[in-house]
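One structure is given here, and the rest of the page talks about it.
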Amino acid sequence: MNGEAEYALKKTDFRSWFMGKLLMGMSWPEYMRSLVTPFNVVAGAVLAVGLPVIAVRFLFGLESVTHASYEYPWGLLLGWGLFGGVPLSATGFVMATMYYIFGFKAYKPLVRLGVLTGFMGYLFAVLYLLVDLGRPWRIYYPMVVQFGTASVLFLVAWHVATYLTVQFLEFSTTILEWLRARRVRLWAVRITIAMTIAGIILSTLHQSALGAMFLLAPGKLHPLWYSSYIPQLFLISSVYAALAMVIAVSTLVARYLRGATDETYRGNLDRLTLGLGKGAVAAMYVYFAMKLVAVAHADLWGALLTPYGYWYLLEILGFVLAPALVLTYGVKAASALAVRFGAFWAVMGILVNRLNVSIVAFNWNLPHHIEHIVPPWTEVAIVGALLTLHILIFRWIVNRMPVVREEPEYKEAH
Amino acid sequence: MKKDKGKGRSRGLSRRAFLGSMALAGGTAVLGHPKKAGGSENFTGYPGSYGMLTDLSLCVGCRSCEKACNEANDLPEPETPFTDSSVFDEERRTTPGVYTVVNRYETPGGKVVYRKIQCNHCMEPACASACPIHAYTKTPEGPVHYNEDLCFGCRYCMIACPFYVPTYDYESALEPKVEKCIMCLGRIRDGLKPACAAACPMGAVTFGRRDDLLKLARQRILRSPDTYVDHIYGEKEAGGLNWLYLSPVPFEQVGFPKDVPMQPPISYAKGFLAAVPSVFVIWPAFFGMLYAAVRHRENHETEKEGAGSEEVRK
Ligand code: SF4
Ligand code: SF4
Ligand code: SF4
């Protein structure tokens with residue numbers, strides 16, 4: 001393999017196209033060598049453990065790898081992958097709404113990143129679900145075979161499926177630019193607004209529907225988390241989850257995938273981070289207030305002075321109010337660093353809340369509840385493997401496609 | 001942005017027109033849903049449906065019902081024979097392959113009380129309202145029927161059931177399914193009693209029309225007020241069950257789940273479900289208008305600033 005000879009064949013040659021698009025302009029040996037990094041070694045190890053565990057699950061059933069029981073049909077796979085993953089993937093809908101509908105044009109450098117993060121998040125939520133479903137090959141049943149229209153999960157299934165498609169279409173302009181498919185791309189740009197509005201409807205509904213799923217289990221979910229406001233709480237927290245997630249992801253991209261970014265992205269990032277932080281903090285205070293209203297509404301002040309009450313207080317003080325204060329400070333002092341710190345914290349808080357609702361506070365009054373909170377290592381290994389794949393694919397796309405940089409050809413074309 | 005201004009305007013219009021029609025289509029598609037939904041408005045059970053009445057004061061823990069259920073439903077051989085009373089040493093629950101179990105409780109008052117557990121065949125079952133594929137049906141006869149050919153194994157029914165009834169064979173990789181008591185639907189349709197009711201030597205399990213069973217239960221309480229606590233479990237619980245219970249001791253003492261609401265669980269989600277269709281109509285209209293307003297403002301600004309719509313760049 002002689003590099004100069006390769007380039008001599010020029011653009012029409014498939015091999016140079018392949019190297020340009022997929023190997024980022026390197027030759028195979030160069031590319032392979034570039035893959036040996038500490039991160040990739042760790043990722044490889046996680047996959048080497050987790051992928052066989054996934055195989056075990058499909059060969060020997062859920063029993064072999066999860067704690068799933070008759071009392072606790074759902075565990076970490078859904079608690080993390082679906083209930084935690086979906087609010088953090090509201091990035092697509094929140095960024096597209098800000099940019100296309102509210103006309104905050106300044107956020108352009110982050111719109112595609114938000115859409116990609118959202119699309120990937122939903123895609124992986126579905127993958128977690130596929131691992132957890134008893135008969136995953138029937139996943140399309142609620143769409144095709146029979147409709148359980150009274151089921152909130154039916155809504156979630158439909159919305160996640162259609163919204164996944166919507167987000168794919170939203171992101172398709174980026175893919176088409178990467179492939180230099182000019183004409184198709186123009187067509188894709190035209191449907192963006194329609195897709196954005198469809199995305200708003202679908203997102204607002206299924207973000208709240210994920211919470212509404214638990215409305216069906218009064219008496220099973222601890223009263224502090226079971227609230228008639230749970231759909232609204234899930235929705236509003238998904239808004240700040242999205243803003244915080246965009247801050248977090250854009251920070252990681254700027255740090256670890258610097259080569260994929262352009263001047264516009266790097267130059268604007270701090271300023272945009274402050275703006276996003278401002279939005280997030282507003283939503284967080286609203287959410288915090290609603291959490292208190294929910295406690296007051298059901299008159300649960302007494303319940304706060306129980307072990308579960310302390311845990312609840314830790315959640316709302318330590319993982320909502322505290323990061324909100326950090327963000328407030330960051331915005332006031334115009335410190336992007338503080339805003340980033342607060343954003344990572346807020347993202348953690350979302351995970352804490354969703355895991356609390358779906359696992360920690362669910363069936364809280366059954367004996368041996370504590371044992372069920374702790375997942376077996378195999379379930380953790382599956383989550384680790386899927387998370388690693390998520391990051392690897394995300395990185396693969398960001399490195400190649402114009403997500404956090406602009407293709408010179410399309411500069412003015414948005 | 002400036003160069004396609006003219007085009008942008010007409011394009012914006014056609015987009016809005018497209019959105020409008022989409023909203024209409026989406027709205028009507030969904031507006032149709034709640035009415036024919038499985039958890040329909042204020043469903044209070046099928047009139048004349050059958051039910052069962054378990055009288056805990058009569059049960060002696062002979063486990064004949066367990067045995068009859070096992071045979072009638074072709075369930076796998078039990079680990080310990082049905083005559084072995086050592087099973088009472090621990091509290092058991094139903095499993096796939098075991099649709100009903102009898103447990104023994106020693107109450108604080110020193111009484112020994114046996115209790116048979118199985119699906120309660122709720123009048124407005126949470127399992128059925130949870131299932132996104134409608135794999136569960138409340139039959140007019142009373143039993144809640146589950147169709148394994150539809151189930152994709154999400155197990156939301158198990159999350160929703162306030163009585164922790166549905167079980168799932170997690171060991172199966174290829175054909176896992178939910179299993180629970182079916183109230184011997186086939187036997188009822190053949191004009192027979194459910195197997196457990198037919199087998200009980202003490203008459204502790206009575207089969208009949210739910211309305212008649214309620215009367216019977218009330219009579220028993222009236223006739224021997226010292227024997228029973230004054231409550232028919234299942235008359236109101238979870239919106240009403242087709243399987244009713246009488247007990248000589250408070251129901252909490254014999255393992256009936258606490259915190260079961262008196263309304264059908266689906267009633268808590270009805271408000272949410274009812275709000276869904278309007279979102280399909282209001283959101284597109286609202287955001288369509290907003291988008292139009294923003295576009296208008298932008299065009300306006302562009303005109304004022306001349307060529308200066310470079311806010312994106314700098
Ligand atoms: S007891 Fe549970 S499984 Fe049985 S009908 Fe009621 S909700 Fe469904
Ligand atoms: S596990 Fe099966 S029966 Fe139960 S809700 Fe899911 S699809 Fe329906
Ligand atoms: S009604 Fe039939 S299926 Fe249900 S417990 Fe009795 S014998 Fe078993």
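By convention in this document, chain letters (A, B, ...) are assigned in the order of the sequence lines, proteins followed by strands, and residues within each chain are numbered from 1.
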Would you say that [X] contacts [Y] through its side chain, given a criterion of any heavy-atom pair below 4.5 Å between the two side chains?
{"X": "Y70(A)", "Y": "V165(B)", "answer": "no"}
{"X": "F147(A)", "Y": "I133(B)", "answer": "no"}
{"X": "P218(A)", "Y": "P261(B)", "answer": "yes"}
{"X": "P73(A)", "Y": "Y170(B)", "answer": "yes"}

Who wins among [options] for the most heavy-atom pairs under 4.5 Å with chain B?
{"options": "M143(A), Q146(A), E71(A)", "value": "Q146(A)"}
{"options": "G267(A), S228(A), A157(A), A209(A)", "value": "A209(A)"}
{"options": "L129(A), D132(A), T66(A), L59(A)", "value": "D132(A)"}

For T196(A) and Y291(B), what are the C-alpha separation, side-chain angles and deciding distance, and is it a side-chain contact (heavy atoms from CB on, under 4.5 Å)?
CA-CA 11 Å; T196(A) 304; Y291(B) 172 66; over 6 Å; no
Y107(A) versus chain B, the contacting section by heavy-atom distance below 4.5 Å:
neither
Less than 4.5 Å to any heavy atom of chain B: does that hold for the side chain of S69(A), its backbone, both, or neither?
backbone
Counting only non-hydrogen atoms closer than 4.5 Å, does [X] touch chain A with its backbone (N, CA, C, O), its side chain (CB onward), both, or neither?
{"X": "P257(B)", "result": "neither"}
{"X": "T95(B)", "result": "both"}
{"X": "T167(B)", "result": "both"}
{"X": "E148(B)", "result": "both"}

Should the ring pair Y226(A) and Y268(B) be called parallel, tilted or perpendicular, given that the plane angle runs from 0 to 90° and is split at 30 and 60?
perpendicular
Residue Y164(B) excluded, over 12 heavy atoms near OH under 6.0 Å:
yes
C154(B) side, atom SG; W74(A) side, atom CH2 - distance, nearest 0.5 Å:
6.5 Å
Can you tell me how far SG of C151(B) sits from CG of L133(A), rounded to the nearest 0.5 angstrom?
9.0 Å
Looking only at heavy atoms, what is the nearest atom pair of A269(B) and L215(A), with distance?
CA-CD1, 4.0 Å
Should the pair E175(B)-R135(A) be classified as a salt bridge under the 4.0 Å nitrogen-to-oxygen rule?
no
Aromatic ring proximity, centroids under 6.0 angstrom, F152(B) and W137(A):
no
